[in-house]
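Below: one structure, written as structure tokens.
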2 protein chains.
Amino acid sequence: MAKSANAASGSAEAKRNRGAGKAGDGAERHETIYQQIREAIVEHRLKPGARLREDALAEVFGVSRTGIRKILQRLALEYLVTLTPRRGASVSRPTIEEARDVFAARQLVECQLMPWVARRLKPADARVLRELATSERQALRAGEQSRAIQLSAQFHQRLAELSGNTPLAEFVERLCSRSSLILAVYGASGHLGCESHDHDELVTLLEAGREERAVAFMQRHLKAIEASLSIEESTDEAPDLRQIFG
Amino acid sequence: MAKSANAASGSAEAKRNRGAGKAGDGAERHETIYQQIREAIVEHRLKPGARLREDALAEVFGVSRTGIRKILQRLALEYLVTLTPRRGASVSRPTIEEARDVFAARQLVECQLMPWVARRLKPADARVLRELATSERQALRAGEQSRAIQLSAQFHQRLAELSGNTPLAEFVERLCSRSSLILAVYGASGHLGCESHDHDELVTLLEAGREERAVAFMQRHLKAIEASLSIEESTDEAPDLRQIFG
DNA sequence: TGGCGGCGGGCCGTATACAATCGATGACGG
DNA sequence: CCGTCATCGATTGTATACGGCCCGCCGCCA
């Protein structure tokens, strides 16, 4: 392995990892690595299109390619990375159609979830949600864009969890991750999706038990995000030379 | 590999596979194996709790454990198999809570999908759906329970696909798979979930564009299935000796 | 000078080998 | 006779080795 050969970065990273994720010795380690990569993608620290070479990741995290492959496949199943048969893994670059579908799905699910949440919401839950919203605004103001993105997604995810329905919560979680990716590609710079005050307002509505209003609010909220996307197809493939020079 | 050493069963099975799954040479092979295992689980040919040993599967399909592991992990992410850390894989045995959540999720999503489907439904689509419903009834009458289960799930999946929203369709697909597993555990024998005429009736409503009716019908349909489950906890863990002998 | 074909390196895909761990069985002691 | 402990077998988890494909570079030819 590179553990001894390429000592400098390899073992240093590995040690840091062992310390950070706790991870003990064995099984949890992979989970930690998975989370780290996932976070990096969701927070736009790894940009869409970025290549993820197995060797490089294996060396950075101090494990062998076997474990990395497992993680990459898992991420591929969530549409966060794309696995091209013999070209390796890269951060997914969602298409416009995917973007539309994802946001349509979110509207359908998250809106319908609001009544359940409103009914089950306890004061402690509301407090946590408000804290998330507050942290998000602070991060945004402090210029910590990565953190803000992460917190915004967490708000929506927590909301879905409060419905008490695990499959739906998980589904929303994945949709949020993909949304983050979509914003990375099509989002207008500086304007990262959710208007921060929206989240506060939504909590207020839910606390008051105004289900109908909460549903409508969520609908508007998501539509606003979707509308803020710049629908300009990245001139990635087929640069349309003929159209340009014709 | 066992290809040369353990010739007898190994190569014979491998050859059969190469012939059956078509699978060409390389990449598609795993996909075929995945589908086969998945089908076996959904059709109740592999019952919940059944152990899936890597070596055995590797030998049966004529590939090495590496590929099998990948497949098992994928199935685990869909909750079709359970991966116990050092005990290997087994067909999942859903809990009552999971069952409730899955059906609740299906009601939320599938019902809301009906209007979309009704609006996009083309004659050709309706015909396909009717064929599925017919085949299902025939299979049921012919005693081919596995086939009937498969077709019933396919009906719901196809319906979701017709919404035109890929993420939602995929979500429904997974929920249907899990539902099949749930029926295997909690379903009353002989009564496998969907009343077969229900599906025909639903297509009729959709063709007529009666969205509201279709939504309500789907709701009743799913509630009926859920209600048909025998909610007797398998005396698997905590047999409640105290309650029995107390 | 520009296009084309051969060639080498990098990287992925698969298989195999090794090590560690857990469960079961059998023996021993109380 | 029952409970406990140790050893053995089985099975998974991880790492490594090898083979193949694709891409990019370089030399050759028109």
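All chains are named by letter (A, B, ...) in the order of the sequence lines, taking the proteins before the strands, and each is independently numbered beginning at 1.
- The side chain of Arg86(A) contributes no N or O atom lying less than 4.0 Å from OP1 or OP2 of dC22(D).
- Per the geometry, CD belonging to Glu54(B) stands 16 Å off P belonging to dT14(C), to the nearest Å.
- A donor and an acceptor atom sit less than 3.5 Å apart, one in the side chain of Arg65(A) and one in the base of dG13(C).
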Exercise for review: Begin with the C-alpha distance, continue with both residues' side-chain angles, and end with the deciding distance and a verdict on side chain to side chain donor-acceptor pair (under 3.5 Å) for Thr82(B) and Arg93(B).
Suggested key: CA-CA 8 Å; Thr82(B) 301; Arg93(B) 187 194 301 276; over 6 Å; no
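- Checking dT12(D), dA15(C), dT16(D) against every side-chain atom of Asp55(B), the shortest atom distance belongs to dT12(D).
- What separates CD1 of Ile68(A) from C1' of dG13(C) is a distance of 16 Å, to the nearest Å.
- Lys70(A) has no side-chain polar atom (N or O) that falls below the 4.0 Å cut-off from OP1 or OP2 of dG13(D).
- The nearest whole Å value for the distance from the CZ atom in Arg29(B) to the P atom in dA15(C) is 8 Å.
- Judged by the 6.0 Å and 45° rule, Arg174(A) forms no cation-pi pair with Tyr79(A).
- When the P atom of dT14(C) is taken as reference, atom CG of Leu83(A) falls 11 Å away, rounded to whole Å.
- You'll find that the side chain of Val63(B) is closest to dA15(C), out of dC12(C), dA15(C), dA15(D).
- A heavy-atom distance below 4.5 Å is found between the side chains of His44(A) and Ser180(A).
- The shortest side-chain heavy-atom distance between Leu168(B) and Val109(A) falls under the 4.5 Å cut-off.
- Comparing Gln73(B) and Arg87(A) against DNA chain D, the residue whose closest nucleotide sits nearer the 5' end is Gln73(B).
- Rounded to an integer number of Å, the gap from CD of Glu28(B) to C1' of dT14(C) is 17 Å.
- Protein atom CZ of Arg51(B) is 10 Å distant from nucleotide atom C1' of dA10(D), rounded to whole Å.
- Residue Arg69(A) places at least one side-chain N or O closer than 4.0 Å to OP1 or OP2 of dG13(C).
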Exercise for review: Would you sort out whether His156(A) and Glu110(A) count as a side chain to side chain donor-acceptor pair (under 3.5 Å), showing the intermediate values?
Suggested key: CA-CA 8 Å; His156(A) 282 269; Glu110(A) 293 197 64; 3.0 Å; yes
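- Distances from the side chain of His30(B) to the nucleotides dA15(C), dT16(D), dT14(C) place dT14(C) closest.
- Spacing between atom CZ of Arg53(B) and atom P of dG13(D) amounts to 14 Å, rounded to whole angstrom units.
- With rounding to whole Å, Leu57(A) atom CG is found 17 Å from dT14(D) atom P.
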